[in-house]
Amino acid sequence: QVQLVESGGGLVQAGGSLRLSCAASGRTFNTYAMGWFRQAPEKERDIVALITWSGTNTYYADSVKGRFTISRDNAKNTVYLQMNSLKPEDTAVYYCAAGGFPQLRAGVSPYWGQGTQVTVSS
């Protein structure tokens, strides 16, 4: 069992930066791929970025490539999402998830956090 708690969301002006954190409980954190997803009002939840258990491989949605960076610290049971050059269209609730990389790539996970709101003003 893995429990996930996101933090770091908030209100930021366009062009600004935020760093999201997702703290995981459970001894098996470093066996799971991790991912960040987001859901804007009246829209479906979309993948933002994924990272394998080792941190060796990552995946980014086209809309965030070059602006967002996913990383993880297995010693701290934490995954991060550094978000730079934020745009109003990045406004959403951001969720972290844990699971197998193919499952996360398909948007499926048995473990989800409660979400953190990111609002980017123009």
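Excluded from the calculations below are hydrogen atoms, water molecules and symmetry mates; all remaining heavy atoms, backbone and side chain alike, are included.
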(message) Between T52 and N57 (side chain of the first, backbone of the second, donor and acceptor by atom type, cut-off under 3.5 Å), is there such a pair?
(response) yes
(request) Any pair with a residue in residues 8-106 that passes disulfide bond (SG atoms under 2.5 Å apart), sequence neighbours left out, goes on the list, sorted by first then second residue, please. (result) C22-C96
(request) Keeping to residues at least two apart or across chains, list the salt bridge (Lys or Arg N to Asp or Glu O under 4.0 Å) pairs with something in residues 69-79. (result) none
(message) Is the terminal nitrogen or CZ of R105 (NZ for Lys, CZ for Arg) located under 6.0 angstrom from the six-membered ring centre of Y59 and within 45° of that ring's axis?
(response) yes
(request) Taking the side chain as every heavy atom from C-beta outward, state whether W53 and T31 have any atom pair closer than 4.5 Å. (result) no
(request) Report yes or no: does T91 contribute a side-chain atom to a donor-acceptor pair with the main-chain N or O of T119 at less than 3.5 Å? (result) no
(message) With a 3.5 Å distance limit and no angle check, can you tell me whether S109 reaches the backbone of A98 through a side-chain donor-acceptor pair?
(response) yes
(request) Go through the structure and list residues passing side chain to side chain contact (heavy atoms under 4.5 Å, CB included) with K65, not counting sequence neighbours. (result) Y60, D62
(request) Under the side chain to side chain contact (heavy atoms under 4.5 Å, CB included) rule, collect the residues that match up with V118, sequence neighbours excluded. (result) L18, L20, M83, Y94, V120
(request) With sequence neighbours excluded, tell me which residues meet side-chain hydrogen bond (donor to acceptor under 3.5 Å, both in side chains) with Q82. (result) N84
(message) Check this for me: E89, atom CD, are more than 12 non-hydrogen atoms of other residues, nucleotides or ligands nearer than 6.0 Å?
(response) yes
(request) May I ask you to test the R45-R38 pair for a side-chain heavy-atom distance under 4.5 Å? (result) no
(request) Drop me the distance from Y32's OH to N74's CG, to the nearest 0.5 angstrom. (result) 13.0 Å
(message) Applying a strict under-4.5 Å side-chain criterion to I, L, V, M, F, W and Y, I'd like to know whether V64 and V93 cluster together.
(response) no
(request) Spell out, yes or no, whether I47 and L4 are grouped together once hydrophobic residues are joined by side-chain heavy atoms under 4.5 Å, including indirect joins. (result) no
(request) Write down the atom of A97, the atom of L104, and the distance for their closest heavy-atom approach. (result) CB-CD2, 4.0 Å
(request) Please name all residues satisfying ring-ring contact (aromatic ring centres under 6.0 Å, His included) with W112, sequence neighbours left out, ordered by chain then number. (result) F37
(message) Do V48 and L81 have side chains that approach each other closer than 4.5 Å (heavy atoms only, starting at C-beta)?
(response) yes
(request) Answer yes or no: is there a side-chain heavy-atom contact under 4.5 Å between T58 and L50? (result) no
(request) Calculate, to the nearest 0.5 Å, the distance between atoms CG and OG belonging to L86 and S17 respectively. (result) 6.0 Å
(request) Without swapping roles, check the side chain of Q103 against the backbone of G107 for a donor-acceptor pair under 3.5 Å. (result) no
(message) Return the CD to OG distance between Q1 and S25, rounded to the nearest 0.5 Å.
(response) 8.0 Å
(message) Measuring only between side-chain heavy atoms, which start at C-beta, is V79 closer than 4.5 Å to I70?
(response) yes
(request) Following the transitive rule for hydrophobic clusters with a side-chain heavy-atom cut-off under 4.5 Å over Ile, Leu, Val, Met, Phe, Trp and Tyr, establish whether M34 and F68 coincide in one cluster. (result) yes
(message) Ignoring hydrogens, what is the shortest heavy-atom contact between Y95 and G113? Give both atom names and the distance.
(response) CD2-O, 3.6 Å
